[in-house]
Amino acid sequence: MSDNFSLMIHGGSGALAHIRREGSEADFMESLHRILEGGREVLAKNGSALDAVEYCAIALENDRLYNAGHGSVLNEYGEVEMDAAIMDGQDLAAGAVAGITNIKNPIGLARRVLAKSEHVMLIGKGAMEFAKLWDVEVMTDDYFVVDARIRQWREAQKAGGMMLDHEDAEPQHKFGTIGAVARDAQGHLAAATSTGGIVNKRWGRVGDSPIVGAGVFADNTTCAVSATGYGEQFQRTVLCKMISDFIYFKGMDAGEAATAGIEYLVEKVQGLGGVIVIDRHGRCATGHSTSGMIYGLIERGGESICRLS
Ligand code: ASP
């Protein structure tokens with residue numbers, strides 16, 4: 001058994017006051033703790049960082065509290081289209097899927113792309129065909145299209161716009177995109193991000209989550225990062241790579257790099273969102289320009305700490 005590892009997960013960022021008002025804070029805390037402890041088990045048994053982030057991302061995707069997998073938000077036609085990516089900091093191997101439907105665990109499919117294809121990203125129908133080759137689990141539409149998401153989508157349609165999952169006017173339907181980052185006992189880093197995207201998004205829209213460097217990044221020499229927020233702003237600033245570059249070129253630690261990254265996001269594009277970061281020494285950090293963020297962490301084998309900040 002080892003305790004020389006770190007793990008972080010997030011469940012999105014945004015205005016979270018409603019969660020406390022409704023008393024659903026306890027549900028989030030229970031879910032974050034349970035998933036972190038499951039991830040701890042993987043890492044304590046000398047599991048790889050890649051296995052730990054996949055394990056946590058799948059557990060988050062299976063929980064309808066979050067905007068990924070089961071609880072994904074709906075696009076302009078009231079359908080679920082999901083994006084996900086996973087990255088191995090050892091060799092910068094990455095796998096991503098975008099615009100996929102009906103796949104129970106998009107991150108599992110992204111891991112297959114990483115391990116079993118010569119490509120980094122597969123989209124739409126081609127990704128679905130690839131999923132069939134590997135017997136990836138598929139669910140019917142009713143598994144994904146849950147009542148809360150239909151209400152949230154109707155509100156967005158009425159208002160005539162898109163919105164971040166946590167941002168809507170109607171408080172009870174704000175849940176979040178998910179991500180996980182880890183450093184295993186061998187010092188390897190990995191990152192994963194998975195999402196249903198932005199409520200009422202245009203059909204075919206792809207956000208930052210499956211884009212290496214924008215919504216996900218891992219490099220053993222710097223850090224592992226997963227982002228949440230307005231994907232277009234993270235794409236334009238290539239924010240996760242930017243955070244890694246702050247460490248690579250400026251020698252920052254995880255906390256400094258997360259802060260510098262969010263400052264850059266705000267300064268350049270008035271960006272809205274947040275990040276979780278673990279650096280190569282296992283230091284954990286978050287940063288967000290939204291009023292809140294849902295996350296949990298285990299730093300260097302310590303206690304699990306969960307926050308709706
Ligand atoms: N970043 C995601 C996207 O733009 C949304 C989110 O993080 O809630 O697709």
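In this text, all values refer to a predicted model and were calculated from it rather than measured experimentally. One-based numbering, in listed order, for ligands and for the atoms of each. When a residue number appears, it is its place in the shown sequence, counting from 1.
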Subset of ligand 1 atoms that lie under 4.0 Å from at least one heavy atom of D208: 1 (N), 2 (C), 3 (C), 4 (O)
Only heavy atoms of G197, strictly under 4.0 Å: list the atoms of ligand 1 that pass. 5 (C), 9 (O)
From [X] atom [atom1] to [Y] atom [atom2], the distance as rounded to the nearest 0.5 Å:
X: H33; Y: I9; atom1: NE2; atom2: CD1; value: 9.5 Å
X: I262; Y: T237; atom1: CD1; atom2: OG1; value: 9.0 Å
X: I278; Y: T286; atom1: CD1; atom2: OG1; value: 11.5 Å

Which is closest to [atom] by heavy-atom distance: [options]?
atom: atom 6 (C) of ligand 1; options: V206, I198, T177, T195; answer: T177
atom: atom 7 (O) of ligand 1; options: T228, T290, N67; answer: T228
atom: atom 1 (N) of ligand 1; options: G229, A68, G231; answer: G229

Between Y66 and F28, how do the two ring planes meet: parallel, tilted or perpendicular, split at 30° and 60°? perpendicular
Indicate, as side chain, backbone, both or neither, the part of R205 found under 4.0 angstrom from ligand 1 when only non-hydrogen atoms are considered. side chain
List the residues meeting side-chain contact (heavy atoms from CB on, under 4.5 Å) with L92, not counting sequence neighbours, and say none if there are none. M87, D219
